[in-house]
**Student:** 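After the structure tokens below, expect a handful of questions from me.
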Amino acid sequence: MMPNTAKQRHVNKEENPFVSFNKQGEGVSRLHDDEWDFTALGQSRKKLLFTCFSEAHRANAQDVMHTILESVKSKSDSDNFSVNTLNNHISSFSSIVRYWGGSDFALLSLDKEWKKLKNSLNGHYAHKSLRQIGITLNELSRLDIIEGQYFSELDCKALKATDRLDRQHIALPINIHVRILTQVYDTVEKYHPHRHEISEVMKAGFERFSIEKEIELAKGKHDESSSRFRKNVDGRVQTFTRQLIKEKDIPDFNYRLDGYWLNNLLKDCLICTVFFSGVRKMELLRTNKDSYDIDNRTGISKLVTKHSKSNEGVPVEGTWQTDPIVKKILELAYDSSEFAREIFLEQIDNQLENKEINQDAHEVYKDELSGAFIKVGLFKRNLGKVVPHYRIDTDNGLGLERYGIEATEDDVEEFDLINPDWSGELELGGTLPKFSLHDLRRSFAFFMVRNRLGNALTVKHQFKHLNLSMSKWYANYAELARDKDIQMDAELFAEINVAIEEACIDGLDDIYNQTTTTSGVEGEKITERKRERLQKGERVYLTRNELKALFRSGEKSLVILPTGGYCTSRDCERLCSMSTITEQKKDCGRVMTDKGARRQARERASLIEVFRGMNELEDYALSTILASYKKKILFVEQTLVKHNIPFEKFTDKIKALAV
């Protein structure tokens with residue numbers, strides 16, 4: 001039973017105690033300061049701001065935040081806490097105060113006030129925000145500030161939200177994935193040899209800009225704030241840098257003082273790293289030139305950086321399996337931005353000397369500037385001023401428009417299949433509805449699973465040359481995990497497990513619902529069973545939820561074969577992908593669908609092209625390989641016939657044997 005009267009909570013505190021401290025233990029921020037400075041903790045979020053509250057509510061919000069802070073610290077063995085988590089509570093309190101109209105949170109113990117709050121939130125926030133508000137309210141209940149109330153998931157769902165429920169990050173359709181990956185990979189290969197020269201030109205251009213400003217000022221014709229002044233200066237700087245770029249032979253390099261071109265290059269480096277590791281954004285931004293390594297015992301390439309997930313905001317070392325290209329990526333990002341690093345390091349040294357920042361802030365900024373991915377814009381916003389951070393900013397997007405995505409029918413179909421929450425939002429000829437580093441992280445998991453990649457990830461341009469079992473990837477990551485202080489990315493493995501299950505459900509859906517014809521030993525049996533059920537008037541369509549239940553219970557099993565087909569046998573050894581021997585096995589679980597047959601038709605066309613190019617050499621030593629290719633081509637033709645896919649029969653002879 002809920003109370004009818006509010007019990008005002010009074011907490012004994014000093015008049016205005018310190019809430020944050022520097023590394024020497026000296027107080028920095030007090031309870032009722034507008035800003036709580038936690039820079040000394042070295043976390044990505046350094047400060048908490050209370051300026052979002054009016055004077056009437058600010059003190060109440062600060063008091064309750066102090067109670068939460070002390071509670072969190074009391075539960076921590078190390079006295080640490082996540083500043084970002086506290087900031088989420090502040091955002092929730094701001095929302096509550098804005099629409100409920102009060103800040104005496106103990107009043108929410110009253111039924112009428114609790115109901116009033118929920119009604120006031122209706123239709124104003126997305127589900128994610130409503131959940132966070134619920135977490136904050138329940139924290140107040142746990143602390144007995146609110147009594148007798150609990151914000152449940154049902155409460156969240158009952159409120160009208162401004163977005164669709166639980167939309168996860170997207171996974172890219174394979175062709176779009178490959179297109180972007182190819183482009184960023186080529187960019188890294190193209191500019192890695194020029195990384196030092198890029199930094200030299202940027203530095204020289206910046207220095208030349210200062211010289212040209214003084215020259216223009218000396219003329220006395222135009223004021224520094226006038227457009228003519230800037231045009232004259234910029235014009236002479238551009239002439240200077242164009243000549244320098246030509247001398248250093250840097251291809252397609254575009255000098256700009258705001259670092260626009262270089263910033264895009266760094267974003268390509270970010271994207272490429274996630275494509276080859278699945279690392280999170282914050283862990284990626286903590287990498288430096290030395291973050292790539294090779295495990296001495298296993299020979300596996302690894303990305304070593306720091307993460308603070310589930311560790312009270314304190315960064316600890318973590319390792320991600322990756323590809324050797326990441327070494328070039330980090331070198332390119334670090335060395336090409338060296339000019340900005342030198343300028344900003346000098347800047348923070350001056351700010352420390354002038355007491356514009358304290359020692360803790362100086363150490364944090366210095367650590368940020370040791371990273372590979374930093375700001376490179378040399379304009380007033382960054383120069384000479386105290387900034388929130390020096391890491392590259394991705395909040396304004398990764399530049400999706402630079403990749404020229406125009407979705408095909410296959411892209412749209414695949415996007416809707418693997419992103420049901422976003423179904424219908426990728427249109428024919430259009431581009432992706434969103435594009436973030438976390439989208440790439442999810443795409444990494446899907447790409448690994450759907451292409452059955454092994455541990456090395458040496459896909460480079462030929463993405464489908466590796467058809468290794470996912471178990472090898474797990475095994476090699478497990479090898480890394482045996483090393484001391486190395487932690488596996490549990491969230492990434494969860495994404496991979498989801499991707500594995502979704503890929504299997506997609507396969508079962510293809511077999512039982514999407515295809516007109518199924519061939520192969522088990523495929524023909526499935527076709528017959530479906531025909532018999534239809535004759536009896538039974539339903540043969542299975543919903544994805546039904547397929548998922550059957551798969552999870554073990555009643556349905558699936559192995560996705562590199563050939564484009566499937567095997568429903570639990571003990572499949574993938575012989576189907578190596579030879580035609582299983583065509584004679586009555587218990588073989590091989591199934592080929594229309595979709596798989598179309599894929600084989602495309603592979604057959606590529607195989608014919610390779611055959612004919614090799615055949616022109618008329619080299620007897622190649623005859624065995626050519627015979628194997630021809631056998632594969634003719635075998636695929638049998639599948640195409642069964643699925644009514646038109647083709648021109650292959651009749652080429654091996655020239656070396658015909659001589």
Side-chain angles (χ1 to χ4, degrees), residues 164 167-184 275 398 400-436 439-440 442-452 459 461-464 499 502-519 523 541-544 547 558 560-566 591-609 636-637 639-648:
R164 293 170 63 180
R167 293 218 288 188
Q168 62 186 158
H169 292 282
I170 66 172
L172 310 185
I174 183 65
N175 289 331
I176 294 178
H177 184 119
V178 168
R179 175 169 183 166
I180 297 175
L181 176 51
T182 301
Q183 187 168 328
V184 296
F275 269 139
L398 298 174
L400 177 61
E401 67 283 351
R402 295 183 292 122
Y403 304 104
I405 303 302
E406 294 182 1
T408 64
E409 289 185 10
D410 287 344
D411 294 335
V412 172
E413 180 183 351
E414 184 181 356
F415 180 88
D416 289 346
L417 183 65
I418 63 179
N419 301 293
D421 292 348
W422 295 84
S423 182
E425 297 205 27
L426 177 63
E427 299 179 351
L428 182 64
T431 192
L432 298 168
K434 63 191 295 282
F435 187 61
S436 68
D439 293 325
L440 299 179
R442 183 163 182 257
S443 294
F444 169 84
F446 269 71
F447 188 76
M448 287 284 294
V449 171
R450 290 171 183 270
N451 289 277
R452 283 77 75 188
V459 292
H461 302 297
Q462 307 300 326
F463 301 108
K464 296 184 181 178
E502 287 298 318
C504 289
I505 301 307
D506 292 346
L508 291 172
D509 184 57
D510 185 24
I511 292 170
Y512 289 99
N513 300 325
Q514 304 298 329
T515 190
T516 302
T517 304
T518 51
S519 61
Y541 178 84
L542 294 171
T543 67
R544 285 184 69 85
L547 290 170
L558 196 73
I560 304 172
L561 300 174
T563 57
Y566 309 98
V591 179
M592 180 64 69
T593 63
D594 294 337
K595 182 179 178 181
R598 288 193 295 271
R599 174 179 172 181
Q600 284 206 334
R602 292 192 294 269
E603 292 180 353
R604 172 183 170 275
S606 299
L607 203 55
I608 289 174
E609 184 179 350
V636 171
E637 288 182 357
T639 300
L640 302 185
V641 169
K642 293 176 182 178
H643 290 266
N644 298 313
I645 297 176
F647 64 93
E648 184 177 338

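Values below: every heavy atom of this structure, side chains too, minus hydrogens, waters and symmetry copies.
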**Student:** If every non-hydrogen atom of Ala407 is compared with every non-hydrogen atom of Leu428, which pair is closest and at what distance?
**Tutor:** O-CD1, 3.5 Å
**Student:** Which pair of heavy atoms, one from Ala171 and one from Ser443, lies closest together, and at what distance?
**Tutor:** CA-OG, 3.3 Å
**Student:** Donor-acceptor check, side chain of Asp411 to backbone of Thr408, threshold 3.5 angstrom: yes or no?
**Tutor:** yes
**Student:** To the nearest 0.5 Å, how far apart are CG in Leu547 and CG in Leu508?
**Tutor:** 5.5 Å
**Student:** When rounded to the nearest 0.5 angstrom, what distance separates CD in Glu603 from CZ in Arg599?
**Tutor:** 5.0 Å
**Student:** Give a yes or no answer on whether the side chain of Gln183 reaches the backbone of Arg402 with a donor-acceptor pair at less than 3.5 Å.
**Tutor:** yes
**Student:** Say whether, by atom type as modelled, one donor and one acceptor occur between the side chain of Asp439 and the main chain of Ile170 under 3.5 angstrom.
**Tutor:** yes
**Student:** How many angstroms lie between CG in Leu172 and CZ in Phe415, if you round to the nearest 0.5 Å?
**Tutor:** 8.5 Å
**Student:** Locate the shortest heavy-atom distance separating Gly523 from Val591; write the atom from each residue and the value.
**Tutor:** N-CG2, 3.7 Å
**Student:** Can you name the nearest heavy-atom pair linking Arg604 to Glu648, along with the distance?
**Tutor:** NH2-O, 2.8 Å
**Student:** A side-chain contact here means heavy atoms from C-beta on lying under 4.5 Å apart; do Ile645 and Asp594 qualify?
**Tutor:** no
**Student:** Without swapping roles, check the side chain of Arg179 against the backbone of Tyr403 for a donor-acceptor pair under 3.5 Å.
**Tutor:** yes
**Student:** Can any side-chain N or O of Ser519 pair as donor or acceptor with the backbone N or O of Thr639 at less than 3.5 Å?
**Tutor:** no
**Student:** Could you give the distance from CD (Glu427) to CG (Leu432), rounded to the nearest 0.5 Å?
**Tutor:** 12.5 Å
**Student:** May I ask you to test the His643-Gln600 pair for a side-chain heavy-atom distance under 4.5 Å?
**Tutor:** no
**Student:** Can you name the nearest heavy-atom pair linking Asp416 to Gly424, along with the distance?
**Tutor:** OD1-N, 3.0 Å
**Student:** Does Val641 reach the side chain of Phe647, with side-chain heavy atoms less than 4.5 Å apart?
**Tutor:** yes
**Student:** So, taking the atom named CG in Asn644 and the one named OG1 in Thr516, what distance separates them when rounded to the nearest 0.5 Å?
**Tutor:** 9.0 Å
**Student:** Among His169, Glu425, Arg442, Glu414, find the residue that satisfies the side chain to side chain donor-acceptor pair (under 3.5 Å) test when tested with Asn419.
**Tutor:** Arg442
**Student:** Taking atom CD of Gln514 as the centre, does the number of heavy atoms from other residues, nucleotides or ligands within less than 6.0 Å exceed 12?
**Tutor:** yes
**Student:** Is a side-chain N or O of Thr515 found less than 3.5 angstrom from the main chain of Ile511, in a donor-acceptor match?
**Tutor:** no
**Student:** Mind checking whether Phe435 and Ile405 have side chains closer than 4.5 Å, heavy atoms only?
**Tutor:** no
**Student:** Evaluate the criterion side chain to side chain contact (heavy atoms under 4.5 Å, CB included) for residue pair Asp410 and Ile174; output intermediate values, then yes/no.
**Tutor:** CA-CA 10 Å; Asp410 287 344; Ile174 183 65; over 6 Å; no
